J.: 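Questions regarding the structure given below will be posed in turn.
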Amino acid sequence: HLDRLGLELDVINKGYAELLTSDPVPETSKEPFTEDEITRLWAIQGEPWVDSVLIFLYSGWRISELLGLKCADVDLDAGTMKGGVKTKAGKGRIVPIHSKIAEIVKRRYNEGGEYLLSYENGKQVSTSQYYILWNAVMKRIGAEHTVHETRHTFRSKLDSAGANKSAIDKIMGHSGGGTGEKVYTHKTIQELKDAIELID
């Protein structure tokens, strides 16, 4: 890309990228969590930070989104969380709290920290700190997953359960497909809740 830009701007007069012979970078593959792995997580849900993995699996948040989620943006009465980053569609979106993690979210909320996932001193957990905690949980269940694979698992489960595509996009913070879908599809919070509850 830089080579092409350089040619367009007359910074270089020969496209050297065409001479490269290295193998292309292989596509990364995302492995969803298996049912057995999720069952193992539920079996040890009381152990440190296992609850955070379950929140990821049943909400579809990106790591930066969940670590940055403030308790002020969690509405336990309405059963929703509000947050998101990265794209216009992703910012300030409403994600229903799945009934399976409602008690977990409530426990975290009642800890009284500013952030939903925080240390005992109420401070926000950084991404690098969280990866250490994450790896310890993965070791406990004998799995090797990235945090982003919870998002992949969440979307796959919604899709397999037959959730409406525009509802999935809204929950995930993706902009929909065509213009008609973007302009005319308005999903209510109840419809989003109905979609997320399709995940068993």
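Quick caveat, the model's predicted, so the values are computed rather than measured.
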J.: Grab the two heavy atoms, one from Ala195 and one from Ile171, that are nearest each other, plus how far apart they are.
T.: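 Taking every non-hydrogen atom into account, CB-CD1, 4.3 Å.
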J.: Salt bridge or not between Lys30 and Glu149? Use side-chain N to carboxylate O under 4.0 Å.
T.: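 Looking at Lys30 and Glu149, the cut-off is not met.
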J.: Is it true that, when you exclude Glu144 itself, more than 12 heavy atoms of the residues, nucleotides or ligands shown sit nearer than 6.0 Å to its CD?
T.: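 No, because the 6.0 Å sphere around CD of Glu144 holds 12 heavy atoms or fewer from other groups.
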J.: Could you check whether any side-chain heavy atom of Phe56 comes within less than 4.5 Å of a side-chain heavy atom of Thr153, counting everything from C-beta outward?
T.: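 When only atoms from C-beta onward are counted, Thr153 and Phe56 do not touch, as no gap falls below 4.5 Å.
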J.: So which atom in Leu54 and which in Leu41 form the shortest heavy-atom distance, rounded to 0.1 Å?
T.: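 Closest pair (atom of Leu54, atom of Leu41, distance): CD2-CB, 3.9 Å.
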J.: Evaluate the side-chain proximity of Tyr115 to Val125: yes if any heavy-atom separation is below 4.5 Å, no if none is.
T.: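 The answer is no, as the side chains (C-beta and beyond) never meet within the 4.5 Å cut-off.
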J.: Which heavy atom in Met172 sits nearest to a heavy atom in Phe154, and how many Å separate them?
T.: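 In terms of heavy atoms, the two residues are closest at SD-CD2, 3.4 Å.
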J.: Does a donor on one side chain and an acceptor on the other come within less than 3.5 Å for His152 and Glu31?
T.: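 No.
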J.: Give a yes or no on whether a salt bridge exists between Arg155 and Asp159, defined as a side-chain N under 4.0 angstrom from a carboxylate O.
T.: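 Between Asp159 and Arg155 there is no salt bridge, as every charged N stays at least 4.0 Å from the carboxylate O atoms.
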J.: Calculate, to the nearest 0.5 Å, the distance between atoms CZ and CG belonging to Arg93 and Asp169 respectively.
T.: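 Between Arg93 CZ and Asp169 CG, I get 11.0 Å after rounding to 0.5 Å.
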J.: Do Val50 and Arg140 come close enough that some side-chain heavy atom pair is under 4.5 Å?
T.: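 Touching, per the 4.5 Å side-chain cut-off.
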J.: Would you call Glu65 and Val95 a side-chain contact if the rule is heavy atoms closer than 4.5 Å?
T.: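 Not in contact.
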J.: One thing to verify: whether Arg108 and Asp51 come together as a salt bridge, which I'm taking to mean a side-chain N less than 4.0 angstrom from a carboxylate O.
T.: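 Result for this pair is yes, salt bridge flagged.
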J.: I'd like a table of donor-acceptor pairs (distance under 3.5 Å, sequence neighbours excluded) in which one partner is a side-chain atom from residues 96-106, with atom names and distances.
T.:
{"residue": "His98", "atom": "ND1", "partner": "Lys100", "partner atom": "N", "Å": "3.0"}
{"residue": "His98", "atom": "NE2", "partner": "Ile196", "partner atom": "O", "Å": "3.4"}
{"residue": "His98", "atom": "NE2", "partner": "Ile199", "partner atom": "O", "Å": "2.9"}
{"residue": "Ser99", "atom": "OG", "partner": "Glu197", "partner atom": "OE1", "Å": "2.8"}
{"residue": "Ser99", "atom": "OG", "partner": "Glu197", "partner atom": "OE2", "Å": "3.3"}

J.: Give a yes or no on whether Ile132 and Leu67 share a hydrophobic cluster (residues Ile, Leu, Val, Met, Phe, Trp, Tyr; joining criterion: side-chain heavy atoms under 4.5 Å apart).
T.: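 Each belongs to a different hydrophobic cluster.
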J.: Could you tell me which non-hydrogen atom of Ile38 sits nearest to which non-hydrogen atom of Tyr58, and how far apart they are?
T.: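 Looking at all heavy atoms of both residues, the closest pair is CG2-OH, 3.8 Å.
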J.: Output the distance between atom OG1 (Thr188) and atom NZ (Lys170), rounded to the nearest 0.5 Å.
T.: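 Here the interatomic distance stands at 10.5 Å.
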J.: Taking atom types as modelled and ignoring hydrogens, do the side chains of Tyr130 and Ser52 form a donor-acceptor contact shorter than 3.5 angstrom?
T.: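 Distance-only check passes for Tyr130 and Ser52.
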J.: I want to check something: taking the side chain as every heavy atom from C-beta on, are Ile55 and Leu117 in contact at a cut-off of under 4.5 Å?
T.: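 They are in side-chain contact.
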J.: Would you give the length of the straight line joining atom CZ of Phe33 to atom CD1 of Ile141, rounded to the nearest 0.5 angstrom?
T.: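 These two atoms lie 5.5 Å from each other.
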J.: Would the distance check show the side chain of Arg151 and the main-chain N or O of Trp61 forming a donor-acceptor pair, the cut-off being under 3.5 Å?
T.: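 Answer holds: no.
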J.: For Asp200, is the CG atom crowded, meaning more than 12 foreign heavy atoms sit under 6.0 Å from it?
T.: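 No, CG of Asp200 has 12 or fewer neighbouring heavy atoms, counting only those of other groups under 6.0 Å.
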J.: Show your working on salt bridge (charged side-chain N to carboxylate O under 4.0 Å, His left out) between Lys82 and Asp75 and close with a plain yes or no.
T.: CA-CA 8 Å; Lys82 183 180 180 183; Asp75 188 333; over 6 Å; no
J.: Between the side chain of Ser118 and the main-chain N/O of Gln124, is any donor-acceptor distance below 3.5 Å?
T.: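 No; zero donor-acceptor contacts below 3.5 Å.
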J.: Of all heavy-atom pairs between Met81 and Ser59, which one has the smallest distance, and what is that distance?
T.: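 Nearest pair, atom of Met81 first, then Ser59: CE-CB, 4.0 Å.
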J.: Please report the interatomic distance OH(Tyr119) to CH2(Trp49), rounded to the nearest 0.5 Å.
T.: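 The OH atom of Tyr119 sits 6.0 Å away from the CH2 atom of Trp49.
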J.: So how far is it from Leu57 CG to Glu37 CD, rounded to the nearest 0.5 Å?
T.: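 The CD atom of Glu37 is 9.5 Å from CG of Leu57, to the nearest 0.5 Å.
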J.: Who pairs with Asn135 by side-chain hydrogen bond (donor to acceptor under 3.5 Å, both in side chains), at least two apart in sequence or on another chain?
T.: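 Here no residue qualifies.
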J.: Any donor-acceptor pair under 3.5 Å linking the side-chain atoms of Asp36 with those of Thr34?
T.: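 Short answer, no.
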J.: Salt-bridge test for Glu35 and Arg40: reply yes if a basic N is under 4.0 Å from a carboxylate O, no otherwise.
T.: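 The answer is no: the pair does not qualify as a salt bridge.
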J.: Could you go step by step and tell me if Arg62 and Val147 meet the side-chain contact (heavy atoms from CB on, under 4.5 Å) rule?
T.: CA-CA 8 Å; Arg62 295 177 178 93; Val147 179; over 6 Å; no
J.: What are the two closest non-hydrogen atoms of Trp134 and His145, and how far apart are they?
T.: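 Here Trp134 and His145 meet closest at NE1-O, 2.8 Å.
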